[in-house]
Chemist: 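Before I ask anything, here is the structure I am working with.
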Amino acid sequence: MTVQAPSGIVSLDSILPEEPLLMMGAGPVPIPERVAAANSIVINHLGDTMAQIIEQVKAMSRYVFQTESQHILGVAGPGSAAMEMAIVNLVAPGTKVLSICNGFFSGRLAEMAERAEADVERMIIADGQAASPDDVERQLKLHKPEVLTIVQGETSNTVYNRYLPEIAAIAREHNCLVIVDAVCTLSTMPLSMDSWGIDAVITGGQKGLSSIPGVSLVAFSERAWDRINARKDQLRHWCLDAKLADQFWYKKSYHYTAPVSGILAMHEALRLICNETLPVRFNRHLRCSMALQEAIEALGLSLFVAPEARLNSVVGINMPDNMKIADVLNYISKNYRVEISGSFGPNIVRIGQMGEQSREHNLFRTVHALGASMKALGAPVNVPAGVAALESALGSYVNSAIEI
Ligand SMILES: *Cc1c(COP(=O)(O)O)cnc(C)c1O
């Protein structure tokens with residue numbers, strides 16, 4: 001043998017922390033026990049049991065996406081694979097695409113469309129702002145795109161495109177298909193695929209849904225499916241070909257070996273959402289995120305995005321100029337076993353409010369850990385005030401009836 005087994009490899013037990021870290025960053029998020037248990041099971045990917053599970057995954061997804069779509073497909077891959085699946089199936093070489101770019105992930109959709117040889121117009125939105133329907137309409141008139149891409153929540157800089165329903169309606173008037181990245185937002189806030197007239201919705205496992213990373217979902221509208229069926233050219237992507245994926249997801253036949261464990265995990269995550277119901281879940285996320293935001297301000301820190309365009313699913317917090325973000329992340333992780341995220345650009349840290357992250361006990365631990373860490377690193381924060389504000393905001397929250 002020329003290549004020897006490596007020496008010095010240790011077991012996972014000696015690498016992983018004895019007490020798991022509380023995952024409060026921008027994803028992956030903590031998973032419920034039931035999801036973890038399902039993820040440990042392997043079954044026949046083409047048997048009757050799997051077929052029954054797939055039927056339920058599709059039925060529950062229709063509720064979570066708020067759609068009657070018969071074209072919901074799972075993808076073995078990250079949220080980005082679902083993004084790419086939406087893009088490469090709806091965008092052919094030469095297709096005119098308008099990409100609304102608020103940051104890193106919406107920019108990724110534009111890049112994917114370019115790689116699919118689309119003719120891409122990027123509409124760059126000013127930092128910290130939501131895309132405005134009037135501006136989008138002007139771009140639609142000017143460029144006459146066949147496809148528009150947009151992110152509901154831009155995880156990278158915590159901007160929320162709150163006018164998504166209006167923008168989707170305008171795009172529809174201009175006969176333009178709408179692809180929405182809802183990776184961090186789906187099931188944390190309203191998104192109604194059918195009534196908003198959206199043609200493709202993308203989500204990953206490890207954020208809003210509180211499942212594992214690596215298995216994602218994409219839902220296509222009937223209009224989108226017609227376009228996919230009408231394509232004459234052959235897709236360059238075999239794994240991501242929606243018509244091939246349809247073989248597994250709707251015709252009980254073989255495309256590739258489905259990630260069975262991950263789909264079982266997704267099944268449990270969706271079932272927990274259906275049991276909780278969307279209005280209750282949206283309300284839980286809103287209450288927790290608003291209370292977190294109040295607590296952060298009471299600590300003496302400021303929030304990165306103004307309220308009009310602020311995302312609730314991931315909260316961006318300004319860091320003092322003299323503080324290294326890596327130091328904060330290290331300190332809070334080592335001393336409090338809480339993981340939060342830095343960012344790809346702005347001088348902020350990010351705390352997620354997706355799925356299991358939006359639980360009161362996780363908020364108390366996180367607010368205390370962040371405050372105490374920053375204080376230890378020399379920032380003038382008021383830890384008791386932050387924790388008290390959290391308690392009071394949670395207690396005084398008035399249930400808002402959230403329409404779906
Ligand atoms: C995380 C995220 C993605 C990418 O998901 P991966 O699983 O990392 O590929 C895309 N869009 C948004 C909005 C995200 O938050």
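Note that the structure is predicted; figures quoted are calculated from it, not measured. Every number for a ligand or one of its atoms is a count from 1 in the order of the listing. By convention here, the first residue in the shown sequence is residue 1.
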Chemist: Check this for me: does any side-chain nitrogen of one of Glu360 and Arg287 sit under 4.0 Å from a carboxylate oxygen of the other?
Modeler: yes

Chemist: Which residues pass the salt bridge (Lys or Arg N to Asp or Glu O under 4.0 Å) test with Lys232, sequence neighbours left out?
Modeler: none

Chemist: Any ion pair linking Asp233 and Arg231 (charged N to carboxylate O, less than 4.0 Å)?
Modeler: yes

Chemist: Between the side chains of Arg108 and Glu111, is the shortest nitrogen-to-carboxylate-oxygen separation below 4.0 Å, so that they form an ion pair?
Modeler: no

Chemist: Verify whether the ring centers belonging to His368 and Tyr336 lie closer than 6.0 Å.
Modeler: yes

Chemist: Between Asp135 and Arg138, is the closest basic N to carboxylate O distance under 4.0 Å?
Modeler: yes

Chemist: Which pairs of nitrogen or oxygen atoms, taken one from ligand 1 and one from the protein, are under 3.5 angstrom apart?
Modeler:
unit_1	atom_1	unit_2	atom_2	d
ligand 1	7 (O)	Gly79	N	2.8
ligand 1	7 (O)	Gln206	NE2	2.8
ligand 1	9 (O)	Gly79	N	3.3
ligand 1	9 (O)	Ser80	N	2.8
ligand 1	9 (O)	Ser80	OG	2.5
ligand 1	11 (N)	Asp181	OD1	3.3
ligand 1	11 (N)	Asp181	OD2	2.5
ligand 1	15 (O)	Thr155	OG1	2.4
ligand 1	15 (O)	Lys207	NZ	2.6

